[in-house]
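Structure first, commentary second.
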Amino acid sequence: MILTVDGICQYQNEEETTSSGIVEFTKVDLEYFEIMVFDYPFGYDDNGSFTGRCYSLDEFYENYPNAEFNINIECYNGYDTIYQGIIWDDEMHSLFTTMHIWNYGDIIYRIE
């Protein structure tokens, strides 16, 4: 699985640089891949609940074929890579999103 990234931030010698590139997952189990799209990320009617939907990769592409994902948080937990952030759909609506990638191989960042 390969994710194309417009901006990867790197910090070296207290300096930040941004590059484009790809993130390559060498072994992914798509059966356990899921993307959760939340309608209300911070609670609904101030009661702490939420609404949303969990998608497989195919379902996500079917419903959001041109979505852009702005990743704010990345977490590596054993074999589960988690990206959280905002997706922007064709109508430029922003939706809070969590992506879970079940991977058991290498994660390679290739910076251009």
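Counting from 1, the numbers follow the sequence of the chain as shown. Heavy atoms only: backbone and side chains are in, while hydrogens, waters and symmetry mates are out.
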Q: Please name all residues satisfying side chain to side chain donor-acceptor pair (under 3.5 Å) with Asp80, sequence neighbours left out, ordered by chain then number.
A: His100
(Q) Would a single hydrophobic cluster contain both Val37 and Ile86, if residues Ile, Leu, Val, Met, Phe, Trp and Tyr are joined by side-chain heavy-atom contacts under 4.5 Å? (A) no
Q. Got Tyr55 and Thr97 here, is their nearest side-chain heavy-atom distance under 4.5 Å?
A. no
**Q.** Flag side-chain contact, heavy atom, 4.5 Å: Met1 against Thr26
**A.** no
**Q.** Under 3.5 Å: donor-acceptor pair, side chain of Thr4, backbone of Ile22
**A.** no
Q) Can you name the residues that form a side chain to side chain donor-acceptor pair (under 3.5 Å) with Arg53, not counting sequence neighbours? A) none
Q) Taking only residues two or more places apart in sequence, or in another chain, which ones meet Glu16 in a side chain to side chain contact (heavy atoms under 4.5 Å, CB included)? A) Cys9, Tyr11, Thr18
Q. Would you say Glu15's side chain and Gln12's backbone share a donor-acceptor pair under 3.5 angstrom?
A. no
Q: Of all the heavy-atom pairs spanning Trp88 and Ser94, show the shortest one and how long it is.
A: CZ3-CB, 3.4 Å
Q | Passing candidate, side-chain contact (heavy atoms from CB on, under 4.5 Å) with Ile101, options Ile107, Ile35, Leu30, Val28 | A | Val28
Q. Which residues satisfy the side chain to side chain contact (heavy atoms under 4.5 Å, CB included) test with Ile111, sequence neighbours excluded?
A. Ile8, Gln10, Ser19
Q.
Is there a path of hydrophobic side-chain contacts, each under 4.5 Å between heavy atoms, that joins Tyr64 and Leu57?
A. yes
Q) If Ile, Leu, Val, Met, Phe, Trp and Tyr residues are connected whenever their side-chain heavy atoms lie under 4.5 Å apart, and connections chain through other members, are Ile71 and Val5 in the same group? A) yes
**Q.** Leu95-Tyr61 co-clustered via ILVMFWY side chain contacts under 4.5 Å
**A.** yes
Q: Kindly assign one of parallel, tilted or perpendicular to the pair Phe96 and Phe38, based on the angle between their ring planes and the thresholds 30° and 60°.
A: tilted
Q | Glu112: side chain to side chain donor-acceptor pair (under 3.5 Å) partners, not counting sequence neighbours | A | Ser20
**Q.** Rounded distance [0.5 Å steps], CD in Glu34 versus SG in Cys54
**A.** 4.0 Å
Q.
Checking the side chain of Thr81 only, and the main-chain atoms of Tyr79 only, is there a donor and an acceptor separated by less than 3.5 Å?
A. no
(Q) Is there a side-chain contact (heavy atoms from CB on, under 4.5 Å) between Phe60 and Met99? Walk through the geometry before answering. (A) CA-CA 11 Å; Phe60 180 78; Met99 178 188 301; 5.9 Å; no
Q.
Nearest 0.5 Å, please: how far is CD1 in Ile2 from CD1 in Ile108?
A. 9.5 Å
Q) Which heavy atom in Gly85 sits nearest to a heavy atom in Asn72, and how many Å separate them? A) CA-ND2, 3.8 Å
Q: Check for a donor-acceptor pair, side chain of Asp29 on one end and backbone N or O of Glu31 on the other, with a separation under 3.5 Å.
A: yes
Q) Which distance, rounded to the nearest 0.5 Å, do you find between the CZ of Phe69 and the OH of Tyr83? A) 9.0 Å
Q: Quick one: list whatever passes side chain to side chain donor-acceptor pair (under 3.5 Å) with Glu74, sequence neighbours left out.
A: Tyr76, Tyr109
Q: Please check if atom OH in Tyr104 has more than 12 non-hydrogen atoms from other residues, nucleotides or ligands closer than 6.0 Å.
A: yes
Q | Separation of Glu24 CD from Asn103 CG (nearest 0.5 Å) | A | 12.0 Å
